[in-house]
Amino acid sequence: MRTAFINQLMAEAEQNDRIFLLVGDLGFSVVEPFAERFPNQYLNVGIAEQNMAGMAAGLAMEGYCVYIYSIGNFPTLRCMEQIRYDICYHNLNVKIVAVGGGYSYAALGASHHATEEYGMLRTIPNLTICTPGDPEETRQITAFSARYNGPVYLRLGKAGEPLVHEKGSISNIEKGQVLNVVKGGKIAVLSTGGVLKYAADFVQTNQLNASVYSFPFIKPVDENQLLSIFQKYDKLITIEEHQLMGGFGSVILEYLNDLYGRGSILKMPRVKRIGINDKFYSIAGTQAYLRELSGIQLQLTDFI
Amino acid sequence: MNSKEFAREIRIRVLKMVHQADASHIGGAYSMADILAVLYNEILHVDPADYKKPTRDRFFLSKGHSCAGLYAALGIKGFFDVNELDGYAQNGSRFISHVSHFIPGVEASSGSLGHILPIACGVAYAAKLQQKKFKTYCLVSDGELNEGSNWEPIMLAPQHNLGNLVLIVDYNKIQSLGNVKDVIDLEPLVDKFKAFRWQTHEVDGHDYLALSNLFHKINAASTSTPQVIIAHTVKGKGVDFMENKLLWHYRSPNKELYAQALEQLKNN
């Protein structure tokens, strides 16, 4: 995903000399081509994320469309107050990019597990939150962020995530758009971020009569699309690589409750939420290993 | 109006605002009042009628709790109807008691300390890239230099030759709970900035002429080194019973002390 991001960002920068990339001394072997091609639109601020977020606010005040880039919790939790106050309160054109969402950097331990960040970020007004599911969605979301004037959070995987969507199958993604990846049945898996491939494979490999949707946005989500999903299915299974509390499953439950409360839907589908079970995992292992350990797993019994 | 009169006008406005709202932070507003007076009266290229003019100088107030002083300066200068200040910190007023970017002439909101120098650095960096001539000024308090987030841009600014950035430290030597030297001693402050490769200046922050000369000197010099002015000031300056008193970091004057302070300021 990070490769898709940087390639798309370079394509955007070709068209727009106001695109600016700040990095917090991270991005080795990823950001160099950007730095070489656009030296006047790039700065390594050093290992100083609070300053990076504040400088991004200043550059945005002067008309730049600024991307701040670092790993996992550093451009997010580390400078949460700068994001809330300097960027979002001033409603500035800054894009916060965290590479390594969820357990992408599994073996590096809890400091590198970005597993709470969007739960915190989504409570901040003015911030649009994007969690693309594969490199194709990442390209589209990056293009969206460049044309959207306002604060955006982009949660990326790492590198080497396989494609779920066919190349070129998505275009001009709109704010809040939901993507239908697999079609069928009365049960739907609602996935956000890098677990999309796992969810789609699970349904297809097991030949389950179910649908899979990808949510590259968790804030906001298109209400009309949600409405039709809520009306169409008897059961929804949310899956995400993030703590359950305040996460994507919560987003779906909140919308569901509010649309039901408003009378927009007449009955509530059953919801099962899959995510991390309120624990830190201080154990070495691969991303797949930690997903399994922490409870990010679909079961065949979920589809009954 | 000369800068001395401008400063007196700021102090009188602030006194009324703080008294009416029963709000705090008059001491910090008074310690920087003379600096603001000289800046807004003589130095900054700003236009109240076109306050977002791209060529304007940028002034960032980082010690947001002292905003009554900045609001007063902007009101006197005509950025908005000065009578609006009477509603300061009261129900329904847009003049909240930490500086707000929704007020014409205010570049950025602050309240949480240690946030604004990074923003000012971003603005100065953008100006340099775009070869814009305006200057970026940022005023911080001494106490807020406790925040590590200030030292990140203090390291970065000389690295990137931000000669268009002027940092002013309102060094009144008192922070919330006591004397700066007893909480986190900043000394040797000038040497610290020198070690970080800033060009340093010290000045009496209540001496109009010295302030004016220094700002003019800095503006005339062509340098790629960021400049810091350590302005030695007195908390509560201008009203004898407030001067150098920790109490007046938070207290607002009651009716009797209000009258007493007003009398002093008018006769000063």
Side-chain angles (χ1 to χ4, degrees), chain A residues 13 16-25 35 38-68 70 74-75 77-96 124-126 151, chain B residues 52-60 62 64 96 98-103 106-134 136-138 140 147-162 164-165 196:
Chain A
N16 180 358
D17 63 7
R18 289 300 170 121
I19 300 276
F20 203 104
L21 176 62
L22 292 177
V23 301
D25 206 40
F38 308 102
N40 287 331
Q41 292 161 255
Y42 168 84
L43 181 66
N44 179 2
V45 302
I47 307 160
E49 294 79 15
Q50 296 180 82
N51 190 36
M52 177 163 71
M55 278 192 74
L59 283 156
M61 284 175 181
E62 295 304 317
Y64 286 101
C65 171
V66 192
Y67 287 74
I68 63 176
S70 190
F74 310 146
L77 272 61
R78 182 65 181 249
C79 49
M80 193 62 82
E81 204 188 61
Q82 279 80 8
I83 294 172
R84 173 180 182 262
Y85 194 49
D86 304 344
I87 296 169
C88 293
Y89 183 52
H90 292 86
N91 204 12
L92 293 167
N93 199 16
V94 176
K95 323 296 168 183
I96 302 132
I124 302 177
N126 293 338
Chain B
K52 286 197 184 282
K53 199 172 180 174
T55 55
R56 75 192 182 280
D57 286 324
R58 276 41 163 190
F59 175 78
F60 289 94
S62 191
I96 52 179
H98 279 85
V99 75
S100 164
H101 68 284
F102 295 105
I103 304 299
V106 174
E107 299 287 350
S109 289
S110 67
S112 184
L113 295 172
H115 276 248
I116 300 299
L117 187 55
I119 297 178
C121 246
V123 168
Y125 194 89
K128 203 184 147 210
L129 268 181
Q130 298 172 6
Q131 296 175 322
K132 299 215 167 126
K133 297 289 172 220
F134 69 79
T136 301
Y137 297 83
C138 179
V140 299
E147 293 280 5
S149 55
N150 279 313
W151 296 93
E152 294 180 358
I154 288 171
M155 283 187 274
L156 179 133
Q159 181 73 30
H160 294 287
N161 305 315
L162 300 184
N164 55 356
L165 179 67
F196 281 104

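Just so you know, these numbers use all the heavy atoms, side chains as well, and skip hydrogens, waters and symmetry mates. Order of the sequence lines sets the chain letters (A, B, ...), proteins ahead of strands, with each chain counted from 1.
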**Asked** Of all heavy-atom pairs between A:L59 and B:A126, which one has the smallest distance, and what is that distance?
**Response** CD2-CB, 3.7 Å

**Asked** Heavy-atom distance under 4.5 Å between the side chains of A:F20 and B:Y125, does that happen here?
**Response** yes

**Asked** Between atom CG of A:L92 and atom CD1 of B:I119, what is the distance when rounded to the nearest 0.5 Å?
**Response** 7.5 Å

**Message:** With a 4.5 angstrom heavy-atom cut-off, is it the side chain or the backbone of B:E107 that approaches chain A, or both, or neither?
**Reply:** backbone

**Prompt:** Going by an N to O cut-off under 4.0 Å, is there a salt bridge joining B:R58 and A:E62?
**Reply:** yes

**Request:** Name, in order of residue number, those residues of residues 49-56 of chain A that have a heavy atom at a distance of less than 4.5 Å from a heavy atom in chain B; otherwise write 'none'.
**Result:** A:E49, A:Q50, A:N51, A:G54, A:M55

**Asked** Which bit of A:R18 comes within less than 4.5 Å of chain B, counting heavy atoms only: side chain, backbone, both or neither?
**Response** side chain

**Residue, of B:T136, B:L129, B:N150, B:I116, that accumulates the most heavy atom pairs under 4.5 Å with chain A** = B:L129

**Prompt:** For B:H115, is it the side chain, the backbone, both or neither that has a heavy atom under 4.5 Å from a heavy atom of chain A?
**Reply:** both

**Asked** Who are the side chain to side chain contact (heavy atoms under 4.5 Å, CB included) partners of B:A127, not counting sequence neighbours?
**Response** B:K132, B:F134, B:N164

**Item:** Exercise: identify the closest heavy-atom pair between B:A108 and A:M61
**Value:** CB-CE, 3.9 Å

**Message:** Rounded at 0.5 Å granularity, tell me how far CG in A:D86 sits from OG in B:S149.
**Reply:** 9.0 Å

**Prompt:** Does the A:Y85 side chain pair with the main chain of B:S110, one donor and one acceptor, at a distance under 3.5 Å?
**Reply:** yes

**Between A:L43, A:V45, A:N40, the one whose heavy-atom pairs under 4.5 Å with chain B are most numerous** = A:L43

**Asked** Tell me, side chain or backbone of A:Y89 under 4.5 Å from chain B's heavy atoms, or both, or neither?
**Response** both

